[in-house]
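Let me begin by presenting the structure, written as structure tokens, before commenting on it.
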Amino acid sequence: MTMEAKLTFTELKQLNLPNIDKEILAFWDAENIFQKTILERQDATPFIFYEGPPSANGTPGIHHVLSRTLKDIFCRFRTMDGYLVERKGGWDTHGLPVELGVEKLLGITKEDIGKTITVEEYNSICRREVMKYKDQWEEVTRIMGYWVDMEKPYVTFENDYIETLWQLLQKLHTKGLLYKGYTIQPFSPAAGTGLSSHELNMPGAYREVKDTTIVAQFKATGAEAEKLLGVTAEREVFFLAWTTTPWTLPSNTALAVGRKIVYVQVRTLNPYTGKPVEVVLAKDRLYAYFKEEQKGQPLEQHEGWNKHLPWEPVAEFSGEALSGLRYEQLLPYAQPESGDAFRVVTADFVSTEDGTGIVHIAPSFGADDFRTAQQNGIGSLTLVDRQGRFSEDAGELAGRYVKNYTDDPEWENPDVFIAVKLKEENRAFRVEKYEHNYPHCWRTDKPVIYYPLDSWFIRTTAVKDRLLELNRTINWKPRSTGEGRFAQWLENLVDWNLSRSRYWGTPLPIWRTADGTEEICIGSVKQLTEEFSKAKEAGLNTDSDLKLVNGLLDIDLHKPYVDRIVLVSATGQPMYREADLIDVWFDSGAMPYAQWHWPFENEETFRRSFPADFIAEGVDQTRGWFFTLHVLGTMLFDSVAYRNVVSNGLVLDKAGNKMSKRLGNGVDPFDTIYKYGADAVRWYMITNAQPWDNLKFDFDGITEVQRKFFGTLFNTCSFFGLYANVDAWRPGKDNISISDRPELDRWILSLLHSLTRDVRQAYESYEPTRAGRLIELFVTEHLSNWYVRLSRRRFWKGELSADKNAAYHTLYTCLHTIARLMAPVSPFFAEFLYRQLRVQEFLGDAASVHLSAFPVADQAVIDSDLEETMQLAQDLSSTILALRKKVNIKVRQPLRKAMIPVLQEDVRDKIRHISDLVLAETNIKELSLMEDTAGVVTRKVKPDFKKLGPLLGAHMKEAATMLGSLSQERIAELERWSQITLEIAGKEFVIPADHVEIVSEDIPGWLVANAGNLTVALDIQLTPELVAEGNAREFVSRMQKLRKDSQLEITDRIVVEVVADKDLWDSLLDFKNYICTEILADELVSAVDNQDFVKLEINEREIRARVIKTEAYGKK
RNA sequence: AGUCUCGUAGCUCAGCUGGUUAGAGCGCUACACUGAUAAUGUAGAGGUCCCCAGUUCAAGUCUGGGCGGGACUACCA
């Protein structure tokens, strides 16, 4: 395939989508079409797209085809619509999966790194391995027709990329948004190390243990407690909270309740001291502590009172109401340094399944606790050290191990000590042993505790409001992901933990002195060089083999190289790099800047391409890429990073299960595309389900798309080409203005322009499914099944008349427009179709559909009246065909007449317009419209509920019944006066005629069916003339088949010889002209039987005939 | 456990701001068509619109509560 246009429309044999793919790919390659779409639009308004980088560490799956199709669709659409759409590709290259892959490859574990293998070697293997499947990715990109620039992609491990990341981190550091803090992580005091969640999930990590649990009493205080709970000096009210880790109680700084949980205040006795107390707990948990029989019993120490406490309810509150109340610190050994502690807060993880429905919060020793405290501005206490001992400031507990980490036989459980102490102080409501699952360290077998560990954070909470605000300006597809999932996530934002204790990733560019008092955040290689030199002068880095090239350090910005550099602080102290790497999500979230190595290069380009107009990825990126892009855009530029975002759902297998390697139900994208063709796969994925709904991937669905949509379109196109070649018709020649074309043409063009309008609108609002389905409906239903079918004879009958020319122009326009409308979704077939239509006289057109302009609807061509009228024609035809079917009269047998009672003049008018079409389609001689139907037709009144609703209100039901059973006389009355009065429930209601519909229901004595509101009656009387004509038509049909079987060209002229009985022969003679025209016969002759004759049957009568080419006949 | 999402015919999906008779394609059955023909058309069968309650003259559609599938996040006193 070349740029040259053809002389004629290529004849099409059979649809083969994979072959079309190959042909088109070769064409695109040869002519650099992708590059041209960009080069030709250098001065156009840019439409900015960001490619979310895939990791070439894994192989591409079918779900990648979905998300990339989505990206491709909108980029192609905008390109065709005249924008400059550059698409820089990228590779995500850091992170844990790469490391795990390498470890598997080498058969090593994390422990070996630095021992059996150097970090240097390890990282160099990571660098090599991460691009392992690059070829596959490039291939899938190519064959699926995803246009993205793979020549100059950004790669996250490159020095330039990392340098930008450092620059951005430095900016955040300067703004005070990057800080060192801690997170709560599983920690093994016995081993002195943090554990990963992976290690916690190892079998055997969770074990059943028996612990002392305490329901502690937290004493409510403060003005609000006085008001709500009635607290006074004499009247003590306590919040009850349960814990399985009493050793965390000294570090308690808050209590959490559930917002929607109902709480009760109960008056009772403390079971250990016997003192009257009032306690607050969840209503659902009441009977875990109190017995119904003791309700209202006097508060005295009767027999067994401490097993069955007397109690009475005092009040009820929602968790919401309790929120904000204060309480007295339970074990006041130390005070938190910051924050407003000892308050009741709400948290969504609070349940009433066990405990009291009030959760004791020790922010240092629980991840949920920590997050809750952070969200509520509550400080923390960490009264346990890294060895698992109570710290100095834990008063009488100081120095005691919280668990028996040293295997000391003398060890006494501090939980018990605390329980006894609280009992004595009237602060324990229940103490008991409790068996539960608790995680243990897989190396030491000792209980794990959750403990705050050092980490570097980005202070995202500082810009939370702005993040939410800017998010509201982003157009999310679907909306719910943005307003729901994403906004929700932002609402509950905690600071972004950047630290990762790994090897292969972007190093944190922070150097610190040993005591942590001085630090520097490096923002460029240049700065690093300067600081390095400075330190060297100060006598550090002396044994470094680093060299300067062009005045800059020649260094790979990865571990272990950067770790070898020591810097010097202002006070002359050595500074060492903080050991952490940063979260890989920072890598990808920074791509708007780092892909251009900004601000070191490409200032212009960067400014022009930020923020993005459009991005798309799977919903699983909501908290990943979508989030990090948004955070960095907001923090660095106070701007959104993207204006429109489409998040697609998953691709599941046929049965709705997630695809996984383990189940082996994954779909190979290569096989699939090779077998079905890229477009069928793309079209199927886009039109079968909205991209944000999950897709149940079924090959039968692709086959259906191939047949139903592409097959039909292909047939239509080949039909067109066949006849256009016969008539040597060319586009652009002898154009006929639309108003001069027949009704049918104006109708399909009207639909075409409506379609153009709707499809454009769908693409503009990021609704590809809608666009695709609309195109499909148009092609299969309207264009093929109605326009082409009804126009067929216009194409093959006679010379190139004005009518025929109009038909060519119309069909050509439709196909040419369809090619462009479908191009974003199915770039290959669209190109094929477009090129198929591109013949020599039409060189004004662009060489590729992707270089052509996306169609614009012409409002003037849209005639909604005509569209409705044609709908009527379709309804009428199908009703008449249904009637024929009912009495078994085949369509080839002409019938005399159909009758339609119509009262409204405008409907009559519409029917008159299309009566020819209906008659031809249904093979009927006459369509008679009855105006005066009284007496002939039984009619019925149908209420228009929408209009009657406001008028009748509650009387609707009665009115509907009354209207439905009106007599024929009253209906006539209603017609005459244009209104009718009904008496309902003693009141009179005047119903205007336009509030109801009068429909004819039946015509007694006729064969009748209803089409919507119309009734059609069919005259099924067969006269001898009609039968004769039926015979003639049957004969034509047989002859056509015979022509075809004799392998005649469609233009060959023939002579037909027939042997038939007299009656039948007379039938044929009566219609001789008709027959000859239809079958291109010059002569129809009665002949004597001969063995060449073919035996045929016409309406159960035998006939013999043969066809001979006219020229051959003469020679005989 | 929380958040989001989906639940309509055997299967895949439409069904807008509530309007009484819920649609399409595939599949199935029957028939027709035969110069687009390894196409095509027509008809038929097939539904508790996941369940319960509420709002309303009227609910597949709105509200509340469940149930089930999926995703994400979190692992708990």
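Convention: sequence-line order gives letters A, B, ...; per-chain numbering from 1.
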(request) Starting at atom CZ of A:F626, determine the distance to atom P of B:A71, rounded to an integer number of angstrom. (result) 18 Å
(message) Below 30° counts as parallel, above 60° as perpendicular, anything between as tilted: where do the rings of A:Y723 and A:F795 land?
(response) tilted
(message) Taking only side-chain N and O atoms of A:Y450, does any of them lie within less than 4.0 angstrom of OP1 or OP2 on B:C76?
(response) yes
(request) Please measure how far the P atom in B:U37 lies from the corresponding atom in B:G47, and state the result in whole Å. (result) 39 Å
(request) With RNA chain B as reference, determine whether A:V350 or A:M1039 sits nearer its 5' end, using the nearest nucleotide of each. (result) A:M1039
(request) Starting at atom CG of A:L15, determine the distance to atom C1' of B:U40, rounded to an integer number of angstrom. (result) 16 Å
(request) Provide, to the nearest angstrom, the distance between the CG atom belonging to A:L493 and the P atom belonging to B:A74. (result) 13 Å
(message) Could you tell me how far B:A53 sits from B:C11 if I compare only their P atoms? Round to whole Å.
(response) 26 Å
(request) Report, as a single string ordered 5' to 3', how protein heavy atoms within less than 4.0 Å touch nucleotides 4-14 of chain B: B base, S sugar-phosphate only, - not at all. (result) BSS-----SSS
(message) Between C1' on B:C75 and CG on A:D369, what's the gap in Å once rounded to a whole number?
(response) 12 Å
(request) For B:A9 versus B:A24, give the span between their C1' atoms, rounded off to a whole number of Å. (result) 11 Å
(request) Please determine, for B:A39, whether a Watson-Crick or G-U wobble partner exists with both distances under 3.5 Å, and give it or none. (result) none
(message) Going by side-chain contact (heavy atoms from CB on, under 4.5 Å), A:L713 matches just one of A:I775, A:L815, A:L15, A:T780. Which one?
(response) A:L815
Tell me which donor-acceptor pairs under 3.5 Å the side chains of residues 359-371 of chain A have, and how far apart each pair is, sequence neighbours excluded?
| residue | atom | partner | partner atom | Å |
| --- | --- | --- | --- | --- |
| A:H360 | ND1 | A:N252 | ND2 | 2.8 |
| A:H360 | NE2 | A:T248 | OG1 | 2.8 |
| A:S364 | OG | A:L381 | O | 3.0 |
| A:S364 | OG | A:T382 | OG1 | 2.6 |
| A:D368 | OD1 | A:R371 | NH2 | 2.6 |
| A:D369 | OD2 | A:A362 | N | 3.0 |

(message) Before you tell me yes or no, could you show the steps for A:E767 and A:S765 under side chain to side chain donor-acceptor pair (under 3.5 Å), namely the whole-Å CA-CA distance, both residues' side-chain angles and the distance that decides it to 0.1 Å?
(response) CA-CA 6 Å; A:E767 299 265 3; A:S765 48; 5.2 Å; no
For nucleotides 26-30 of chain B, tabulate all protein N/O to nucleotide N/O atom pairs closer than 3.5 Å, reporting atom names and distance.
| residue | atom | partner | partner atom | Å |
| --- | --- | --- | --- | --- |
| B:C26 | O4' | A:E704 | OE1 | 3.4 |
| B:C26 | O4' | A:E704 | OE2 | 3.4 |

(message) Need the pair for B:C11. Rule: Watson-Crick or G-U wobble, both distances under 3.5 Å, any strand; none if unpaired.
(response) B:G25
(message) I need the CZ-C1' distance between A:F720 and B:A39, as an integer number of Å.
(response) 20 Å
(request) Give a yes/no on whether any side-chain N or O of A:R789 is located under 4.0 angstrom from OP1 or OP2 of B:A36. (result) no
(request) Return yes if the base of B:A39 and the side-chain atoms of A:T712 contain a donor-acceptor N/O pair under 3.5 Å, otherwise no. (result) no
(request) Using atom types as modelled and distance alone, determine if a side-chain donor or acceptor of A:R770 lies under 3.5 Å from a backbone N or O of A:A762. (result) no
(message) Quick one: does any side-chain atom of A:Y327 pair with a main-chain N or O of A:A254 as donor and acceptor, under 3.5 Å?
(response) yes
(message) Once salt bridge (charged side-chain N to carboxylate O under 4.0 Å, His left out) is applied, do any residues pair with A:D415, and if so which ones, sequence neighbours excluded?
(response) none
(request) Scan for side chain to side chain donor-acceptor pair (under 3.5 Å) pairs involving residues 702-714 of chain A, sequence neighbours excluded, and state none if there are none. (result) none
(request) Could you check whether A:D700 gets within reach of a base, just the sugar-phosphate, or nothing at all, counting any heavy atom under 4.0 Å? (result) nothing
(message) Output the rounded distance in Å from CZ (A:R792) to P (B:A39).
(response) 16 Å
(request) Could you work out the separation of B:G65 and B:A22 based on their C1' atoms and round it to a whole Å? (result) 26 Å
(request) Would you classify A:A367 as touching base, sugar-phosphate or nothing, given that sugar-phosphate means primed atoms plus P, OP1 and OP2, and contacts are heavy atoms under 4.0 Å? (result) sugar-phosphate
(request) To the nearest Å, give me how far apart CG (A:N648) and C1' (B:G70) are. (result) 15 Å
(message) If we count only N and O atoms by modelled type, under 3.5 Å, do the side chains of A:D727 and A:Y808 hold a donor and an acceptor together?
(response) yes
(message) Show every side chain to side chain donor-acceptor pair (under 3.5 Å) that has at least one partner inside residues 781-790 of chain A, sequence neighbours left out.
(response) A:D745-A:Y787, A:N785-A:R789, A:R789-A:E921
(request) Can you tell me, in whole Å, how much space there is between the C1' of B:U73 and that of B:G54? (result) 33 Å
(message) Tell me which nucleotide, if any, is Watson-Crick or G-U wobble paired with B:A71 when both distances must be under 3.5 Å.
(response) B:U3
(request) Provide the Watson-Crick or G-U wobble partner of B:G54, both distances under 3.5 Å; none if there is no partner. (result) B:C62
(message) Would you measure the distance from the P atom in B:G18 across to the matching atom in B:U63 and give it in whole Å?
(response) 11 Å
(request) Fit a plane to each ring of A:F486 and A:W476, take the angle between them on a 0 to 90° scale, and name the class: parallel (under 30°), tilted (30 to 60°) or perpendicular (over 60°). (result) tilted
(request) Check the distance between B:A36's C1' and A:F719's CZ and give it to me in whole angstrom. (result) 6 Å
